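Worth saying up front: this structure is predicted, and the values here are computed from it rather than measured. First listed ligand is number 1; within each ligand, the first listed atom is number 1. The chain is numbered in sequence order, starting from 1. The analysis underlying the following values was restricted to heavy atoms, covering all of them including side chains, and did not include hydrogens, waters or symmetry mates.
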Amino acid sequence: MDGQTGTDSRKLLGRLRDVMADDAAGQQRLDQITQLIADEMHTEVCSIYLFRDEETLELCATQGLNAEAVHQTRMRMGEGLVGRVARTGEVINTDDAPATKGFRYMPETGEEAYSSFLGVPIQRLGEKLGVLVAQSRQARLYSEEEIYAIEVVAMVLAEMTELGAFIGEGAAMSARHQQPVLFRGGTGQEGASQGHVWLHEPRVVVTNPIADDPDREMERLNDAVEELRVGVDRMLSSAATGDKEQLEVLEAYRMFANSKGWMRRMEEDISRGLSAEAAVEKEQSAARARMVQVNDAYLRERLHDLDDLSNRLLRILTGQGGETGAEMPPDPILVARNIGPAELLDYGRKLKGIVLEEGSVGSHAAIVARALAIPLVIHADRVTTEALNGDLVLVDGDQGIVHLRPDETVVAAFRDKMAMQAQAQERYVSIRDKPAETLCGTTISLTMNAGLMADLPSLVSSGADGVGLFRTELQFLIRSHMPKRAELSEQYSRVMDAAGDKRVVFRTLDIGSDKVLPYMTATDEPNPAMGWRAIRVGLDKPGVLRMQLQALIRGANGRSLSIMFPFVAQREEFQAARAEMEKALERERILGHPIPETLEVGAMLETPSLAFAPHRFYQDVDFLSIGGNDLKQFFFAADRENERVRRRYDTLNVSFLSFLENIVARCDATRTPLSFCGEDAGRPVEAACFAAIGLRALSMRPASIGPVKSILRRIDLVDLRAVIHEARDEGHQTVRPMVMKYLKGKL
Ligand code: PEP
Ligand code: MG
C-alpha cells in the first residue's frame with residue numbers, strides 16, 4: 001500500500017475478474033472482493049456499503065470489521081464519513097478519521113481501532129449505488145495510486161451491481177431494475193396509458209469492465225475513436241451551413257474527439273487493466289459528476305456534448321445502440337432524457353406514452369405530443385437510469401406521475417382509471433356529431449387549436465366545428481431551416497383541404513418569447529415574453545410576414561381566408577399589419593394569383609391594453625380571439641412558464657372574469673365576433689363559466705372538445721351566470737367553489 005509495496009491495479013483487477021467469473025452467490029462474491037482488496041492493498045479493513053433505498057446505506061460485506069455488523073449497520077445519506085462520501089460523491093482520504101468532520105462512531109463495527117479512512121463512491125454514470133471503504137490502523141494518507149486503484153475497483157463494482165451480480169440477502173443486495181419505482185414529474189399532455197418501456201437511446205451495458213490484454217484494448221479504443229472522428233467529420237460536412245447551433249455542437253464533438261487529454265486519460269485506464277469501454281465510461285462518469293456541479297449553461301451544454309459523444313463511442317465499442325436488435329414492444333412508452341420534435345414525429349402515433357427527464361410544457365416535443373394526443377410526463381428525474389427496455393410502465397399524464405414496474409395493486413387501480421377514461425371517451429364519441437347546445441338552448445361553437453399536419457385527422461375525430469387557432473409558428477419551430485414560401489403555401493392548402501367547408505383561422509407567426517427559431521439569431525432580452533415577439537417582429541422586419549401572407553393567399557387559392565395577428569397591443573399595430581395584408585393582396589393580384597373569395601382579418605386579444613382600446617379598434621377588426629394564456633399572465637403579472645407562479649391565480653378569479661365580461665360587452669356593443677383560444681377554453685369548468693359570461697366560441701385542443709361539449713350540454717347558462725354573480729356579490733376571490741357545487745354530478 002505504500003511506495004515500496006505499491007498497489008498493482010492490473011493485478012488487483014485481474015484477481016477481481018477471476019472472482020467475477022466464479023459462479024459464487026452474491027454474498028460470497030462480495031466477501032471475496034473485500035478480502036482481495038484488503039490483501040492487494042495491504043490494508044486491514046475493506047468494506048462495501050450499498051444503498052438499500054434512496055436514503056439508507058447498508059454494510060453488505062467487510063474484511064476487518066465485525067462480521068456480525070454485516071446487514072445490520074446502516075446509515076443515512078450524509079451520515080458519518082461513509083454517508084458523506086455517498087452524498088457528495090467525493091473521495092474522503094484522511095489519516096485521522098475520528099477527527100474528520102462528519103465522523104460517527106458505530107460501536108457494532110469495531111472500527112474505533114482504525115485511524116486512516118479512504119472512502120470512494122460506487123456510482124455508475126451519476127447513479128449512486130454505494131461506498132467502498134478501506135481503513136487501516138496506521139495513521140497515514142492513502143497515495144494517489146491507491147486512490148486510483150480503489151476508484152477503479154469501485155467502478156467495476158458499480159458495473160457488476162448494475163448487472164445484478166450481487167443479488168443476495170438484504171434489501172441492499174436485491175436486483176436493481178426490478179423494484180417498482182414511482183416518478184413525480186409534471187404534466188406535458190393529459191391522459192393515462194399503460195405500456196412497455198422503449199428507450200429512445202438504449203443504455204449501453206458494459207459486461208467486460210476488466211481486460212487482460214491492454215494492447216488489444218488500446219487498439220480497440222483507437223479504432224473506435226477513429227470511427228467516431230470520421231463519423232463526426234461526415235456529419236459536419238453534411239450539416240446545413242446555416243444551422244449554427246448544429247454546427248456548434250458538431251464542432252464541440254470534434255474538439256472532444258480530438259482531445260489529447262481525454263484520450264490520454266482513457267489510455268492510462270486501459271494500461272491499468274480496464275477494458276476500452278470501461279475506460280470510456282469512467283470518463284463519462286467523471287463528466288456527469290462535473291455536470292451536476294456546473295452552473296454555467298454553456299459549460300453544461302458542452303459536458304452534455306461530451307456525454308453524447310461517450311455514448312456514441314460506447315455504442316461503437318459494444319455494438320449496442322439504436323440497432324441493438326431489440327424489438328419495439330407493441331405498446332411502446334418512449335423514455336428519453338429529451339427528444340426533438342422531428343424525432344418524435346418519426347415515431348408518430350405508435351407511441352402509447354412519453355416520459356422525459358427534461359422537457360417543458362412549452363417545449364416543441366410537448367407541442368407534438370399534444371398534437372398526437374399522447375400522454376406525456378416531463379421532469380421525471382432519473383427515469384432513463386432506472387428504466388430498462390421492456391419494463392412495464394404506467395403513465396399518468398393528468399397527475400404527472402409515472403409508475404415503473406408497478407406492483408399488482410397499482411396496476412389494478414390504474415386499470416380502473418383507464419376504464420373510466422375509456423367510458424368517458426365513449427360518451428364523447430356518442431355526442432361527437434351533436435351540437436354543443438346548453439339546456440337553455442344556446443349553442444357554443446367549439447373549434448380546435450392546431451399547428452401541425454399531424455393535427456389534421458383530429459378535425460374529424462373530435463367533431464370540431466373548424467380550426468379556431470392555427471399556430472403557424474409550429475411549422476417553423478420543428479425545422480432546422482426556414483421553410484420556403486412554396487412549402488408553406490402547399491401546407492396551408494393541405495390544411496384547408498382537410499377542413500373542407502369548416503373555417504380555419506391562421507395566426508401569423510408568433511415567434512420570440514418561448515418560441516425561439518433554431519435558425520434565427522436569438523436576441524438576448526431581459527424579459528422575452530414582453531419583448532420583441534409576434535407582430536412586433538413582423539412589423540419591424542416585415543420580410544417573413546410578407547412571405548407568409550403571400551403563402552397564405554396562395555394556399556387559399558381563391559377560397560375564403562381568415563387571418564389573425566398575434567400579440568397586438570394597440571390599434572396602430574393592427575392597422576399596420578392589415579396594411580401589409582392589403583399590400584400582399586395587391587401584389588398577388590398583379591402577379592395573377594387568385595384572390596380569396598372572402599377575407600377576414602382579426603387580432604388576438606392577449607394584452608390587457610386591447611380591452612381598453614378605442615371603440616374604433618373594435619370596429620376595425622373583423623373578429624377578436626382572446627389568447628388567455630398570454631392575457632392571464634399579463635393580467636396577474638404571473639409568468640406562464642414559471643412553475644412557481646403559473647397556477648397561483650385562478651382563471652375563475654372574480655377580477656379576471658369581470659375583465660373578460662367587460663371584453664364580451666365591448667364586442668357585443670360593436671358586434672365584433674369574439675372567441676377564446678387559450679388553454680383554459682379546453683377545461684370543462686372554465687369553459688362553462690366562459691359560456692355563462694357570454695362567450696359563444698371556444699377553441700381548444702382536439703382532445704378537450706368531447707369533455708367540454710359534454711358539460712355544456714348538461715348546464716343552464718342562466719343558472720350558472722346567477723351562481724357566478726352570487727359568488728362575486730358575496731365577495732369571494734374566486735367563483736370556483738360555488739361553481740363546482742353547481743356543476744356537481746354534471747362533470
Ligand atoms: C394564448 O396566448 O392564449 C395563445 C393561444 O397563444 P400562445 O399560447 O400560442 O401564446
Ligand atoms: Mg399567446
Side-chain angles (χ1 to χ4, degrees), residues 187-189 341 360-371 446-452 455 464 466-478 504-517 525 527-538 548 562-569 573-574 577 602-611 623-642 646-647 649 651 656-657 659-660 663 674-683 686-687 690 695 697-705 708:
T187 296
Q189 158 72 12
S360 73
V361 188
S363 72
H364 310 154
I367 290 165
V368 173
R370 257 174 243 149
L446 302 184
T447 53
M448 66 176 233
N449 295 346
L452 296 170
D455 288 315
V467 178
L469 166 66
F470 191 89
R471 291 179 163 106
T472 59
E473 63 275 5
L474 300 195
Q475 292 295 344
F476 286 69
L477 282 166
I478 60 168
V504 180
V505 180
F506 289 96
R507 175 177 79 181
T508 61
L509 271 189
D510 180 1
I511 47 169
S513 183
D514 58 319
K515 299 156 182 154
V516 182
L517 295 186
E525 294 186 279
N527 193 342
M530 296 196 202
W532 197 56
R533 58 176 283 202
I535 198 63
R536 299 172 182 179
V537 180
Q548 194 185 18
S562 299
I563 290 180
M564 115 177 129
F565 294 112
F567 216 64
V568 174
E573 284 170 342
F574 179 74
M604 290 200 65
L605 198 158
E606 303 183 278
T607 57
S609 66
L610 276 196
F623 63 91
L624 281 175
S625 189
I626 296 175
N629 306 336
D630 275 312
L631 187 63
K632 207 167 85 180
Q633 79 165 339
F634 297 119
F635 186 78
F636 289 113
D639 186 346
R640 63 191 261 192
E641 290 287 314
N642 181 342
R646 199 160 84 77
R647 286 184 235 270
Y649 305 98
T651 306
F656 192 56
L657 283 185
F659 181 59
L660 293 180
I663 298 168
L674 175 68
S675 64
F676 188 111
C677 66
E679 291 300 307
D680 286 319
R683 302 198 168 99
E686 280 79 343
F690 293 163
L695 276 151
L698 303 172
S699 196
M700 61 200 73
R701 343 175 161 166
S704 300
I705 290 186
V708 168

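- Heavy-atom proximity to Gly627, at under 4.0 Å, picks out these atoms of ligand 1: 1 (C), 2 (O), 3 (O).
- Between Arg640 and ligand 1 there is a heavy-atom distance shorter than 4.0 Å.
- You'll find the ring centres of Phe635 and Phe659 inside the 6.0 Å limit.
- The aromatic rings of Phe565 and Phe574 stand perpendicular to each other, their planes meeting at an angle above 60°, with 30° marking the opposite boundary.
- Tested against Asp630 for a side-chain contact (heavy atoms from CB on, under 4.5 Å), the candidates Met530, Met604, Arg533 yield a single pass: Arg533.
- Considering backbone and side-chain N/O of Met604, none are found under 3.5 Å from N/O of ligand 1.
- Here is the list of ligand 1 atoms found below 4.0 Å of a heavy atom in Gly678: 3 (O).
- Sorting the N, O or S atoms of Glu606 by how far they are from the Mg ion (ligand 2) puts OE2 first.
- Atoms of ligand 1 found under 4.0 Å from any heavy atom of Cys677 (numbered from 1 in listed order, with element): 5 (C).
- Pro566 and Thr508 make their closest contact through CD-OG1, 3.1 Å (heavy atoms, listed as atom of the first residue, atom of the second, distance).
- Residues Arg701 and Gln189 have side chains in contact (heavy-atom distance under 4.5 Å, counting atoms from C-beta outward).
- Using a cut-off of 2.8 Å, one finds that Asp630 contributes an N/O/S atom close to the Mg ion (ligand 2).
- For Phe506, the ring-ring contact (aromatic ring centres under 6.0 Å, His included) test picks out Phe470, Tyr492, with sequence neighbours left out.
- The pair Asp455-Arg471 fails the salt-bridge criterion, with no side-chain N (NZ, NE, NH1 or NH2) lying under 4.0 Å from an Asp/Glu carboxylate O.
- Each of the atoms 1 (C), 2 (O), 4 (C), 6 (O) of ligand 1 lies under 4.0 Å from some heavy atom of Glu606.
- For the pair Phe676 and Leu631, the minimum side-chain heavy-atom distance is 4.5 Å or more.
- Only the side chain of Leu469 comes within contact range of ligand 1, with a heavy atom under 4.0 Å; no backbone atom does.
- Contact atoms of ligand 1 toward Arg471: 4 (C), 5 (C), 6 (O), 7 (P), 8 (O), 9 (O) (distance under 4.0 Å to a heavy atom of the residue).
- The two residues Ser699 and Ala681 make their nearest non-hydrogen contact at O-CB, 3.4 Å.
- Interface of Asp630 with ligand 1, defined as ligand atoms under 4.0 Å from a residue heavy atom, comprises 1 (C), 2 (O), 3 (O), 10 (O).
- Only side-chain heavy atoms of Arg507 come within less than 4.0 Å of ligand 1; its backbone N, CA, C and O stay farther off.
- In this structure, Glu679 falls outside the shell of residues with a heavy atom less than 4.0 angstrom from ligand 1.
- Taking every heavy atom of Asp510 and a limit of under 4.0 angstrom, the matching atoms of ligand 1 come to 10 (O).
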